[in-house]
Structures are given as C-alpha cells and as structure tokens.
Peer 1: 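My questions all concern the structure below.
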Amino acid sequence: MKRRIKKVAVIGSGIMGSSIACHFANVGVEVLLLDILPKELNEKELKKGLSLTDKEVRNRIVNDNLTKILKSKPSPIYHTNFAKRIKTGNLEDDIAKIKEADWIIEVVVERLDVKKSVFETIEKYRKEGTLITSNTSGIPISFMSEGRSEDFRKHFAITHFFNPPRYLQLFEVVPSADCKPEEVDFLLSYGEKFLGKTAVLAKDTPAFIGNRIGVFGIMNTFHTIKVLGLKVSEVDKLTGVVIGRPKSATFRTADLVGLDTLVHVAKGLAQNCPNDEARSLFVLPDFIQKMVENNYLGEKTKQGFYKKVASKDGKNEILELNLNTMQYEPSKKASFATLELTKSVENVLERFPILIKGTDKAGEFYRKTFAALFAYVQHRIPEISDELYRIDDAMKAGFGWLNGPFEIWDAIGVKQGIALMQSEGYEPALWITEMIASGNESFYMIKDGFTYYYDISNKKYLKKSGQEGFIILDNIRPTKTIWKNAEASILDIGDGILNLEFHSKMNTIGGGVLQGINKAIDLAEKDFQGLVVGNQGANFSVGANIAMIFMMAVEQEYDELYMTIKYFQDTMMRMRYSSIPTIAAPHGMTLGGGCELCLHADKVVAAAETYIGLVEFGVGVIPGGGGTKELTLRASDSLRKNDVELNRLQEYFLTIGMAKVSTSAYEAFDLDIFQKGKDIVVVNKMRQIAEAKKHALLLAEAGYTKPIERTDIKVLGKQSLGAFLVGTNSMNVANYISEYDKKIADKLAYVMSGGDLSEPTLVSEQYLLELEREAFLSLCTERKTLERIQYMLQNGKPLRN
C-alpha cells in the first residue's frame with residue numbers, strides 16, 4: 001500500500017506541538033491541533049460572561065498556544081496564509097476527528113503516565129493502519145507501547161523533531177520493537193522528501209543520537225574550561241564559526257536553549273546510562289549548579305552565561321559571567337595565536353589539523369575536547385547507531401555543525417586522531433584498531449560521486465543510503481570540474497547540464513563570478529543543454545562585491561566603474577537571453593546582485609529557506625545589475641485593464657525603496673521576485689541542485705527557444721515621477737526618511753518612471769538599463785553613499801545618514 005499523508009492530528013499544542021503543526025502546514029498538509037480543556041475561566045472570560053461550556057473557552061488553550069507561536073520570531077511558518085491549514089479543537093469535543101487523520105503525533109508533557117493516557121484515548125478513535133508517533137526526547141518507546149493493541153504497535157514509532165522544527169533539520173526516527181519495517185522506511189522517506197529534514201534512524205537509547213552526543217560535547221566543554229581557566233567569551237570564540245559551528249557557539253546556545261533544559265537532559269543521561277564510560281562528565285560542575293540555584297537560566301530569565309544591561313550612555317552592553325566569582329563583568333574580545341593561523345583557510349575541514357597543533361591555550365583546548373569527542377563517539381557504535389554516518393548526520397542537522405565527529409576525525413587523520421586520544425589517556429575501540437589493521441585508514445570515501453562509509457559489521461565500505469535523489473557538489477567537484485577561477489567553478493552534473501557554483505567570500509558577485517557566468521553560458525550554448533547556477537554553501541549570495549565598488553568610487557575611477565556596472569547588467573541579460581535554459585537555485589541569503597541573478601533566470605528552483613530581496617538602498621545605491629529594470633518590467637506586465645497604474649508601480653517601487661527581504665521563498669512570490677506558475681520551491685535543500693537540473697532538462701527537451709529582448713515596457717513618465725517625488729518629500733518632512741534616503745528614492749523614481757517623459761510610453765529593456773546605470777554611477781560619486789558602503793563593510797549592517 002502506498003501511504004499518503006493528507007491530514008495530520010497533533011495532540012498537544014505547547015511550543016513543540018504548535019511548531020510541528022506549523023511545519024506540516026508549511027508543506028501543504030491539513031492539520032488538526034488538539035489540547036486539553038481549561039479547568040477554570042480567566043479574567044477576560046469572566047468579564048465577557050462566558051462559561052466553561054462555551055466553545056471559545058473550551059478551545060482557549062489550543063488557540064492561545066497557536067496564536068503565541070505564530071507571533072514568535074523567527075516565524076515557524078513560511079507564509080501567514082499557511083496557518084489556515086491548521087484547525088484547532090480540544091480532546092473532548094474533537095477527539096473523534098482523529099479517525100480522519102493519516103498520522104497522529106503525540107506532543108504532550110514528558111510524563112509517561114500522561115502519554116499512556118493519551119495513547120489509550122487515541123486507540124478508541126483512530127482507524128486501523130494510522131501512523132502514531134511520539135515526539136518524546138527521552139522516554140523509552142517500550143514503556144509507551146505497553147498495553148497497546150497489535151495494530152497500534154505495528155504503526156508506532158518516535159519521531160523526534162528538534163526545536164524549532166522549521167529551522168533545525170534533524171528528524172530522529174526510533175521505531176518500536178513491533179513497528180513494521182515499511183512504516184519505518186516511510187517515516188524516514190517522508191521526513192527527507194516532504195518535511196525537508198535529515199531523517200536519522202536511531203535506537204531506543206537515552207537521548208537518542210543528537211542529544212546524546214551534543215550534550216556530551218557541551219558537558220565535556222564545561223568540565224574542560226575549568227581545568228584550562230578559559231573565560232566564557234573565549235570558549236565561544238573557540239567553539240563557533242572557526243570550527244564550523246553556529247555563531248552562538250557553546251554558551252550563547254546554552255542561554256538560548258535554557259540552562260534548565262540542558263541540565264534536565266544531562267541529569268537524565270547520568271541517571272539512565274550507568275554503563276557509559278564518560279558518565280562522570282554528565283555530573284553538573286559546581287558553577288552550573290550555582291547558576292541553577294541563582295536562576296541564571298539564560299534568555300528566559302534575562303541572564304545566564306551572558307547578561308545584557310544598559311550602559312551609562314544608554315547603549316546595550318553585554319556582560320559575561322565569571323565562572324570563578326559568579327559575578328558578571330564586561331565581555332572582551334577574545335584572541336588566540338592558534339586561530340590567527342587559520343584566518344586564510346576557507347575550508348573548515350582543513351583547519352582542524354592546524355588547530356590541534358596550537359601551542360597556546362586554544363591548541364590545548366582543541367586537543368582535549370577533540371580527543372574526548374573521538375573517544376566518546378567510537379564507543380557509541382553500535383550502542384546508539386549501527387552506522388557511523390548517522391552520528392555525523394545527527395550532529396550536523398540537530399546542532400548546526402558543519403562537520404560531524406567522524407568527518408572531523410577523518411580531516412585530522414584516523415591514525416593522528418588515535419595518537420591524539422592516546423596523548424589524553426584514551427584508547428581506540430577494537431573496531432577502530434581492526435579497521436586500521438585491515439588497511440582502511442578513513443571513515444569515508446568518495447566513489448563515482450557517492451559517499452561510502454566504513455561499516456563495522458561488514459568491515460568494508462558501503463554506500464550511504466538515500467543519496468540517489470541528491471547531487472552533492474563536494475562529491476563530484478574533484479572529477480567533474482571543467483573550468484574554474486578563484487571565484488567560480490563550472491561542473492558537469494550530467495545529462496548535458498552544467499552547474500556554476502560561486503566560492504568567493506560570502507559568495508559575493510565580483511569580476512570572477514561574472515566571468516564564470518559568461519563562461520558557463522558559452523560552454524552550455526556550445527556543447528550542453530542547460531545551465532544551473534547553484535551552490536551548497538551557507539548562502540546563495542549576499543550580493544555584489546561592494547568592496548570593489550567602494551575602491552573604484554574612492555579612487556574616482558568612474559569610467560572603470562561604469563564599465564563594471566555595464567558588465568554586470570550585460571551578464572544578467574545573458575542569463576535571460578541565452579540560447580539555453582538557465583535555472584537559478586537560491587537558498588539562504590540571496591541579496592542584491594544574488595536576487596538580480598534570480599530575476600533574470602528562466603526559472604528559479606528555490607529552497608524554502610530563501611531570504612531574498614533587493615537591499616541596495618542600505619548601501620546608498622539603487623539596484624544596478626538589472627534589478628530596477630526588471631521590477632519596472634514586472635510592474636508593467638502586472639497591469640490589468642482598469643488598474644490604477646500608479647498604484648501597481650508603487651508596490652514595486654516600495655519593494656526596492658524599503659529594501660524588502662522575504663523571510664521564506666514563499667513570501668518572495670508576494671513581492672513578485674518569484675513568479676507564480678513559473679518558479680518553484682523545494683523544502684529539502686539537499687535535493688535542490690538535482691531538482692534544478694531536472695527542470696533545466698525539461699525546458700531543454702521541450703524545445704527551448706531563445707527569448708526576444710523586450711521593447712514593450714510601459715513606463716508612466718511625469719505621471720508617476722511627480723507622484724513619487726511628492727511622496728518622498730512628504731516622508732522626509734515627516735522624518736520617516738533622511739534627506740539622503742530621499743535622494744536615493746528620487747533617483748529610483750526617475751528610473752522606474754522611465755525618466756522625465758511627458759506621457760506614458762513603451763520603452764525597451766536597454767533604455768531602462770541605461771537609466772539604471774547612470775543613476776547607480778551618480779550615487780557612487782556621493783560621499784554619503786561611500787559612508788554607507790564603508791559602514792556596511794566594517795559593521796555588517798546599514799548606516800542611516
């Protein structure tokens with residue numbers, strides 16, 4: 001039987017329950033969200049004269065919880081309209097509706113008695129064959145399935161989402177002993193394909209995989225820093241982006257999650273893992289116990305390892321906790337000689353061999369923590385997982401690590417990792433010794449574009465499952481790169497399709513990237529069928545290389561700057577008017593020039609988590625790579641009979657003028673940056689390049705014809721220009737925008753109006769590009785634009801001057 005999920009019932013509407021409901025709504029599923037009845041009326045209900053029998057009161061808990069989560073930042077939902085897919089109810093009036101659900105997910109309080117009571121109720125109403133899963137993070141599944149029917153047990157598993165479910169990719173699946181294999185396969189497949197997750201098969205062991213390894217790493221760090229005398233801010237410097245971990249690193253992450261949550265999991269591991277060789281590390285250090293006693297729990301209590309206070313000049317100041325005195329003191333910028341050695345090393349994996357050789361406290365910290373990590377993970381197989389890659393996948397998806405423990409060990413070298421462990425008093429596990437003795441000196445290998453891992457039971461390399469739907473650029477780059485420069489590479493991804501990826505800093509678009517785009521189109525037009533522009537870095541592109549623009553403007557090299565702008569515009573027009581289909585595959589930050597590239601592709605295959613917009617106002621210019629032209633064109637195309645034309649154009653004007661950025665790919669359709677009926681969204685980013693390739697092939701095989709350049713764009717001339725100038729003046733007088741904001745906006749108005757034309761006129765793309773180019777260049781001659789660019793380069797945020 002082919003299982004399809006049309007409707008999901010979520011039992012429990014707390015933070016996790018409501019967030020899980022939102023994510024199912026994100027992917028188009030109808031959701032029934034249920035919770036308990038209130039036991040008494042609140043003050044508002046008493047004033048309204050309501051009683052406990054009124055539906056408004058009976059659904060108050062679930063509705064309040066859902067409303068609260070929908071207002072939270074960052075949002076749990078891709079688009080506000082998607083919340084309409086969620087229906088609410090209570091566990092008395094609406095429980096019978098779960099018989100319509102294809103999947104029932106329990107997300108109630110972490111108490112076995114409560115969960116067993118909920119499952120007993122579910123059994124009364126669910127139809128046979130319905131999936132039932134629990135989102136527990138610690139209760140053994142064998143306890144929860146006691147007393148349940150055979151059909152219940154055959155369809156029962158744990159599906160552990162990490163919080164927040166929209167953003168964290170880990171989806172641990174822990175089947176009950178009786179769960180049918182096909183149901184386990186379905187949950188793993190559905191998690192990957194439809195929920196966009198990294199689905200990891202885990203065993204019914206305490207904290208499963210992600211939290212078992214992740215909390216070990218944090219607790220080991222807590223114990224290590226006391227030995228080395230490191231400060232809170234120093235540890236966060238060492239455990240953040242430099243080793244491919246989130247910017248929040250160790251202590252800021254603990255503050256965000258809540259120290260009480262971390263302590264709860266650590267205590268559970270200490271209690272439930274009596275045979276764990278590192279059990280003593282789960283015992284709380286003295287400073288953690290004191291923090292709990294003092295209610296220093298992090299964000300929820302406004303103080304944890306860090307505390308934000310107002311300084312004398314009224315600005316916010318960050319204090320850090322001194323772990324010896326338990327007093328807060330100013331946080332100072334940390335620096336280590338070892339980290340300086342890795343500044344020029346872009347590839348994070350290449351940093352690890354350097355870091356462990358450091359001769360300062362940083363080097364000692366890395367040696368101690370990596371030795372302990374390697375020693376720990378080697379003994380968790382086969383206890384928590386039969387396959388080592390699942391541990392790596394769990395840490396990358398659940399904790400935001402760029403590389404998992406075994407990948408880091410491989411980067412250092414397996415033999416070198418053993419030596420590192422032994423220097424800290426650990427010994428390699430028997431399976432590691434056997435692996436080395438048999439001539440296998442790495443945990444992973446790449447063959448024919450696929451990742452293979454060392455399998456302990458078979459004592460040989462096996463292909464990692466689930467790769468067939470992916471194109472992993474790291475795997476094919478060594479053998480499929482047909483051209484490259486310092487900023488871009490062209491890869492043959494098969495079936496006549498090329499992929500262009502950027503590898504400049506932050507994937508900014510400069511001369512090397514533009515050269516790569518043109519070269520890729522040249523090659524594709526000559527010998528291939530289509531082109532995908534996509535990468536698998538943190539972000540698609542943060543925009544044009546503004547440092548290069550700044551230097552030209554400061555040096556007053558205006559002729560060269562003019563030609564650079566034109567080169568950018570011409571390259572974007574080649575994306576639009578090549579003889580082969582061009583597909584853009586944006587994800588993450590896709591700003592400024594990155595957005596302009598997408599606007600000119602034949603089709604966009606966007607990751608759901610795409611934050612896209614034309615943000616050039618923040619650095620004192622208008623979009624100059626065809627973005628202003630393109631939104632003017634789209635405004636013209638959007639006009640319908642009897643439209644108020646100025647109102648339509650104004651929407652696009654504000655998109656640029658307010659530097660609007662979508663908070664998901666779906667919001668980009670509202671801005672007309674992505675176009676309905678043409679562009680598509682994929683939830684699983686790992687499938688994005690493969691999906692983009694598929695659409696390039698579809699266009700090519702359908703008989704793609706080179707488009708004809710547009711000469712029929714309706715601009716309104718003085719009609720819109722006058723109105724825009726009045727509007728910007730009013731905004732300035734009311735102090736909504738600065739004098740310089742007004743100047744930029746007036747330049748934008750001039751371009752989008754088609755200049756100072758006396759009446760509405762049809763113009764060409766080239767006409768608008770010339771106006772756009774002139775406006776961009778003129779703004780680059782302004783001191784205040786240079787101040788904005790310089791401030792952005794130095795501080796990473798816009799200046800209002």
Side-chain angles (χ1 to χ4, degrees), residues 488 490 498 500 502 509-526 528 530-534 540-541 543-545 549 560-586 590 592-604 612 614 616 621-637 652 656 672-675 678-679 696 699-700 704-715 748 751-752 754-755 762-777:
I490 301 170
L498 294 179
L500 173 73
F502 309 158
I509 301 175
V513 168
L514 295 175
Q515 181 191 15
I517 296 171
N518 283 288
K519 183 66 176 180
I521 294 172
D522 288 342
L523 292 171
E525 287 183 328
K526 184 174 181 289
F528 293 84
L531 172 66
V532 172
V533 181
F540 180 73
S541 174
N545 185 343
I549 294 169
E560 188 175 344
L561 182 53
Y562 178 89
M563 293 309 298
T564 298
I565 302 163
K566 188 174 188 306
Y567 184 36
F568 200 132
Q569 291 180 330
D570 290 347
T571 302
M572 295 302 99
M573 291 294 278
R574 278 208 78 191
M575 283 284 295
R576 168 67 52 81
Y577 295 111
S578 63
S579 59
I580 43 92
T582 58
I583 312 294
T590 305
C595 176
E596 287 174 307
L597 187 149
C598 295
L599 290 171
H600 288 86
D602 288 305
K603 190 180 189 77
V604 173
I612 188 168
L614 296 166
E616 286 83 353
V621 293
I622 68 168
T628 305
K629 175 272 299 180
E630 187 61 24
L631 259 60
T632 307
L633 183 155
R634 294 188 181 191
S636 171
D637 286 349
Y652 292 85
I656 297 175
D672 205 22
I673 288 172
F674 296 159
Q675 296 185 301
K678 187 187 86 164
D679 300 329
L699 286 173
Y704 181 83
T705 303
K706 179 178 177 179
I708 299 170
E709 202 166 315
R710 297 283 298 275
T711 58
D712 60 345
I713 305 162
K714 186 174 185 179
V715 292
L748 176 65
V751 177
M752 296 190 79
L762 298 182
V763 300
S764 69
E765 287 184 81
Q766 289 300 330
Y767 174 85
L768 288 173
L769 285 171
E770 189 171 337
L771 291 179
E772 174 186 285
R773 192 161 61 244
E774 294 290 348
F776 187 98
L777 183 63

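The chain is numbered in sequence order, starting from 1.
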Peer 1: Would you say that M752 contacts I656 through its side chain, given a criterion of any heavy-atom pair below 4.5 Å between the two side chains?
Peer 2: yes

Peer 1: Testing the basics here: between T590 and C598, what is the closest heavy-atom pair and its distance to 0.1 Å?
Peer 2: CG2-SG, 3.9 Å

Peer 1: Tell me, do F674 and I612 make a side-chain contact under 4.5 Å, heavy atoms counted?
Peer 2: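 With C-beta onward as the side chain, the pair touches.
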
Peer 1: Roughly how far apart are T564 OG1 and R773 CZ, rounded to 0.5 Å?
Peer 2: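 So the gap between those two atoms works out to 12.0 Å.
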
Peer 1: Is there a side-chain contact between T711 and L762 (heavy atoms, below 4.5 Å)?
Peer 2: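 No - every pair of side-chain heavy atoms lies 4.5 Å or more apart.
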
Peer 1: Between atom CG of L699 and atom CG of D602, what is the distance when rounded to the nearest 0.5 Å?
Peer 2: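 One finds 6.5 Å between CG of L699 and CG of D602.
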
Peer 1: Suppose we screen for salt bridge (Lys or Arg N to Asp or Glu O under 4.0 Å). Which residues come up paired with R574, at least two apart in sequence or across chains?
Peer 2: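 Checked R574 against salt bridge (Lys or Arg N to Asp or Glu O under 4.0 Å); matches are D522, E525.
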
Peer 1: Under the side chain to side chain contact (heavy atoms under 4.5 Å, CB included) rule, what do I549 and V621 come out as? Steps first, then yes or no, please.
Peer 2: CA-CA 11 Å; I549 294 169; V621 293; over 6 Å; no

Peer 1: For F776 versus I565, what's the shortest heavy-atom pair and its separation?
Peer 2: CD2-CD1, 3.3 Å

Peer 1: Got L599 and L631 here, is their nearest side-chain heavy-atom distance under 4.5 Å?
Peer 2: yes

Peer 1: Could you tell me the separation between the CG atom of L498 and the OG1 atom of T582, rounded to the nearest 0.5 Å?
Peer 2: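 It is 12.5 Å, given to the nearest 0.5 Å.
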
Peer 1: How long is the gap from NE2 on H600 to SG on C595, to the nearest 0.5 Å?
Peer 2: 10.0 Å

Peer 1: A quick test of your reading: do over 12 heavy atoms of other residues, nucleotides or ligands sit less than 6.0 Å from NZ of K526?
Peer 2: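 Result for NZ/K526: open.
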
Peer 1: Side chains of V715 and T632: does their closest heavy-atom pair fall under 4.5 Å?
Peer 2: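 V715 vs T632: side chains touch.
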
Peer 1: With the side chain counted from C-beta on, respond yes when P586 and V604 share a heavy-atom pair under 4.5 Å apart, and no when they do not.
Peer 2: yes

Peer 1: With side chain to side chain contact (heavy atoms under 4.5 Å, CB included) as the test, would you mind laying out the steps for L531 and I521 before giving the verdict?
Peer 2: CA-CA 7 Å; L531 172 66; I521 294 172; 3.9 Å; yes

Peer 1: Is there a side-chain contact between K629 and Q569, using heavy atoms and a 4.5 Å cut-off?
Peer 2: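 K629 vs Q569: side chains apart.
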
Peer 1: Could you list the residues that satisfy side-chain hydrogen bond (donor to acceptor under 3.5 Å, both in side chains) with D672, not counting sequence neighbours?
Peer 2: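 Y652.
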
Peer 1: Under the criterion side chain to side chain donor-acceptor pair (under 3.5 Å), which of R710, E765, K706 is the partner of Y577?
Peer 2: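 Of R710, E765, K706, side chain to side chain donor-acceptor pair (under 3.5 Å) with Y577 is met by E765 alone.
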
Peer 1: I need the minimum non-hydrogen distance between P707 and S578, along with the two atoms involved.
Peer 2: CD-O, 3.9 Å

Peer 1: Could you walk me through whether K603 and I583 pass side chain to side chain contact (heavy atoms under 4.5 Å, CB included), step by step?
Peer 2: CA-CA 5 Å; K603 190 180 189 77; I583 312 294; 3.6 Å; yes

Peer 1: In Å, rounded to the nearest 0.5 Å, how long is the span from CD1 of I509 to CG of L514?
Peer 2: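 If I round to the nearest 0.5 Å, the distance is 7.0 Å.
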
Peer 1: Rounded to the nearest 0.5 Å, what separates atom CG in L769 from atom CZ in F568?
Peer 2: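 Between atom CG of L769 and atom CZ of F568 there are 12.0 Å.
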
Peer 1: Is the side chain of S636 donor-acceptor paired with the backbone N or O of K714 at a distance under 3.5 Å, no angle test?
Peer 2: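 Side chain of S636 to backbone of K714: a pair is present.
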
Peer 1: Looking only at heavy atoms, what is the nearest atom pair of L500 and A520, with distance?
Peer 2: CB-CB, 4.3 Å

Peer 1: Using side-chain heavy atoms (C-beta onward) and a distance below 4.5 Å, is Q675 in contact with R634?
Peer 2: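 When only atoms from C-beta onward are counted, R634 and Q675 do touch, with a gap below 4.5 Å.
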
Peer 1: For side chain to side chain contact (heavy atoms under 4.5 Å, CB included), just list the numbers for L768 and I713, CA-CA rounded to whole Å, side-chain angles, deciding distance to a tenth of an Å, and then say yes or no.
Peer 2: CA-CA 9 Å; L768 288 173; I713 305 162; 4.0 Å; yes

